[in-house]
There are 2 protein chains.
Amino acid sequence: MSVTIKDIAKLAGVSHTTVSRALNNSPLIQEETKERIRVIAEQLDYTPNYNAKSLVLDRSYNLGLFFTTLSKGTSAGFFYEAIRGVNSVIQDRYQLIVKGIDDYTSFHSITRKSFDGIIVVSQSDDDQGIIDHIAGKGIPLVVLNRPVTTAGVLNVLSDEEQGAFLAGSYLIEQGHSRIALIEGRQGFKSAQNRKDGFERAMKHYQIRVPEAYRIPGLYDLESGHKAMQQFLLLKERPTAVFCCNDEMALGAMKAISEAGMQVPGDISVVGFDDTVFAAYVTPSLTTVRRPIEQISTEGAIRLLGNIENKQHETEQLLLKTELIVRESVRSLSS
Amino acid sequence: MSVTIKDIAKLAGVSHTTVSRALNNSPLIQEETKERIRVIAEQLDYTPNYNAKSLVLDRSYNLGLFFTTLSKGTSAGFFYEAIRGVNSVIQDRYQLIVKGIDDYTSFHSITRKSFDGIIVVSQSDDDQGIIDHIAGKGIPLVVLNRPVTTAGVLNVLSDEEQGAFLAGSYLIEQGHSRIALIEGRQGFKSAQNRKDGFERAMKHYQIRVPEAYRIPGLYDLESGHKAMQQFLLLKERPTAVFCCNDEMALGAMKAISEAGMQVPGDISVVGFDDTVFAAYVTPSLTTVRRPIEQISTEGAIRLLGNIENKQHETEQLLLKTELIVRESVRSLSS
DNA sequence: CATATTTATGCACACGTTAACAATAGTCTT
DNA sequence: AAGACTATTGTTAACGTGTGCATAAATATG
């Protein structure tokens with residue numbers, strides 16, 4: 001079996017209480033005693049049993065990192081950056097437990113005993129159920145990527161509506177008036193926000209978008225590809241397409257080139273997210289940058305603060321999005 | 001505080017032992033008693049304290065999923081598929097703890113008490129340290145993606161050397177003889193394997209590859225881009241380039257088109273991994289498919305089997321790689 | 001020098017669960 | 001009908017750790 005503080009106690013000729021205090025660097029214990037005990041612990045390669053610690057200290061040392069889904073509609077880049085961001089903050093202090101919300105059949109097992117804090121990377125309003133559950137249990141919680149108003153819940157997200165507005169406005173300012181939209185996955189909040197921002201730009205500049213210029217997508221390459229094929233069948237084709245993420249934009253560009261047309265010569269394309277490959281496709285993709293990694297680091301920092309101060313300060317942090325102009329949009333105004 | 005089996009016992013008028021047995025569906029307890037207890041547990045919204053369970057049962061309900069690094073050199077797609085694959089297998093039974101090996105300052109905290117099993121997605125020979133540690137502690141372990149010979153360790157990987165051989169051979173069969181190589185990240189086993197396979201193909205067909213035709217990369221877009229720029233400066237440019245992953249291939253294609261040249265008209269490009277975007281770039285990328293998700297599901301299945309049977313069957317599973325021919329290679333033979 | 005105070009350590013219990021063993025009542029066997 | 005057996009439940013200890021309180025020794029106080 002593994003070595004416990006009692007084993008150390010026996011060797012050091014003290015009680016296990018003293019060992020516990022010594023290893024936790026309690027001021028009650030004499031410095032020499034501490035040192036003697038530390039040496040023995042080291043020699044025996046002692047590791048505390050975290051289950052026992054958790055039981056008595058009422059802390060789990062676990063952080064939950066929950067995504068709306070791991071299997072459908074979450075893009076690899078987004079997922080990766082979110083985990084990276086959180087991981088860079090927590091270092092050694094916590095274990096990071098990654099889970100898809102749609103894998104839960106019941107939230108029953110999510111308790112204050114099993115998670116010291118939880119980060120929900122929320123992509124859908126449907127996540128409200130788990131958010132309410134977590135908040136109801138009094139577990140420190142931060143929700144990323146989607147606005148929530150639940151009391152006591154921290155919230156970090158980017159202003160996607162504004163980003164989409166910038167993208168739409170940019171297309172118009174470049175002289176486009178026949179502008180189509182490939183929407184995000186239905187039920188995803190980001191899909192709604194980006195569409196809203198786009199529509200606001202259209203309204204602001206009084207550009208009419210016919211119904212045939214709006215097609216819902218699934219945030220993946222294939223759906224962007226298919227949607228663009230639809231647009232290409234229209235008698236009056238759009239001169240520009242705003243795609244609600246970069247992957248769909250890439251799919252759309254593929255469809256355009258397969259049809260023997262050019263980006264941006266024949267049709268301009270704008271994406272959203274500024275994924276790593278956006279700068280490297282040909283032509284490079286004009287898109288909206290969303291600070292995913294920053295969102296997740298900020299979220300993690302706030303969560304840890306909240307856990308350690310035990311105070312539940314509610315605060316919403318809205319990070320800016322930014323239009324990144326590259327080569328995939330043609331100016332018609334000159 | 002939260003409700004415990006003792007609370008239930010009091011209400012049911014039985015001992016807490018009986019409650020424990022009832023909730024674990026022990027055959028020792030009368031069916032009516034069980035049912036009565038279950039109802040009360042339900043009403044009180046009882047959730048077992050897993051730390052207490054862990055302490056006495058000597059199981060943590062945790063599975064570790066360790067990557068060589070989370071911050072440098074692991075591509076998003078790879079990371080995503082690996083987690084997805086493992087997650088799809090473990091469902092509710094375990095918590096999945098994701099970590100970067102390079103985040104560990106000491107492996108001290110990795111014990112049989114804290115992990116029921118561990119999956120190491122290994123990309124570098126440097127991971128041998130943690131593998132030895134885990135195996136030494138007697139924790140069930142499966143290593144993915146890199147061959148290991150440590151006793152008692154399960155191993156699932158794809159035959160990358162063979163894949164690279166196929167890619168190299170294909171280029172030669174298409175009539176290429178000036179073939180360059182953009183290597184993977186130094187220290188990564190995959191980089192070595194892919195290079196080896198490529199070299200074997202060259203040797204097999206007696207094609208000489210000058211030193212200037214080999215440049216080390218970092219597995220990211222930028223390094224592929226830079227490497228290709230180097231090749232373009234050569235007096236005698238290669239007619240084809242084998243890139244050790246798709247991201248570098250995309251970077252390379254970008255450099256080619258920036259130089260005003262065409263893929264595959266002027267230079268052919270082959271990648272490795274068959275990431276999701278490979279089919280959607282223009283021209284679509286000829287590459288080697290590696291069954292990442294299958295590797296991770298197979299690995300997870302074997303690990304669980306090993307944990308539950310408690311037998312440590314050592315076995316290496318080598319999955320096939322496959323050349324996916326698309327448009328990025330030109331045939332010179334016709 | 002007697003008492004008060006500080007310092008260092010130990011004792012006993014608690015956290016929530018499971019399990020070996022004991023106990024009780026009812027049933028079967030011959 | 002006495003002993004053996006079975007079914008059901010309870011008693012108690014254990015897992016490894018932290019902590020309130022008691023204790024003992026050392027030191028300070030007046």
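The sequence lines fix the lettering, A, B, ..., with proteins before strands; numbering per chain opens at 1.
In this structure, A/D58 places its CG atom 13 Å from C1' of D/dT17, rounding to the nearest Å. When the C1' atom of C/dC15 is taken as reference, atom NZ of B/K6 falls 9 Å away, rounded to whole Å. Atom-to-atom, CG of B/L23 to C1' of C/dT18 comes out at 12 Å; the value is rounded to the nearest Å. Here the C1' atom of nucleotide D/dG18 and the CD1 atom of A/I8 are 15 Å apart, to the nearest Å. Atom-to-atom, CZ of A/R59 to C1' of D/dT19 comes out at 17 Å; the value is rounded to the nearest Å. One can place CG of A/L57 at 16 Å from C1' of D/dC15, the figure rounded to the nearest angstrom. Rounded to a whole Å, the CD atom of B/E32 is 13 Å from the C1' atom of D/dA7. A/N51 has its CG atom 13 Å from the P atom of D/dG18, to the nearest Å.
A donor-acceptor contact under 3.5 angstrom links the side chains of B/D45 and A/H108, judged on distance only. Residues A/R21 and A/S26 bring no donor and acceptor atom of their side chains to less than 3.5 Å of each other. Side chain to side chain, A/Q30 and A/R36 fail the donor-acceptor criterion of an N or O pair below 3.5 Å. Donor-acceptor pairing under 3.5 Å is recorded for the side chains of A/Q128 and A/T150. A donor and an acceptor atom, one from each side chain of A/N193 and A/E160, are nowhere located under 3.5 Å apart.
Between atom OG of residue A/S60 and atom CG of residue A/N51 there is a gap of 10.5 Å, rounded to the nearest 0.5 Å.
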statement: Protein heavy-atom contacts under 4.0 Å, written 5' to 3' over nucleotides 8-13 of chain D as B (base), S (sugar-phosphate only) or - (none), form the string BBBBBB
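Across all strands shown, A/L55 has heavy atoms under 4.0 Å from base atoms, whether or not it also approaches the sugar-phosphate. At a threshold of 4.0 angstrom between heavy atoms, the contacts of B/Y46 are confined to the sugar-phosphate backbone, with no base atom among them. Among the atoms of the strands shown, only primed sugar atoms or phosphate atoms (P, OP1, OP2) are found under 4.0 Å from some heavy atom of A/N24.
Of the listed residues (A/L44, A/N49, A/I40), just one forms a side chain to side chain contact (heavy atoms under 4.5 Å, CB included) with A/V3, and that residue is A/L44.
In terms of phosphate contacts, A/K53 brings no side-chain nitrogen or oxygen within less than 4.0 Å of OP1 or OP2 of D/dG16. Between D/dT17 and A/S20, no contact under 4.0 Å exists linking OP1 or OP2 to a side-chain N or O.
Across D/dT17, C/dT18, C/dG16, the shortest atom-to-atom separation from the side chain of A/N49 is found for D/dT17.
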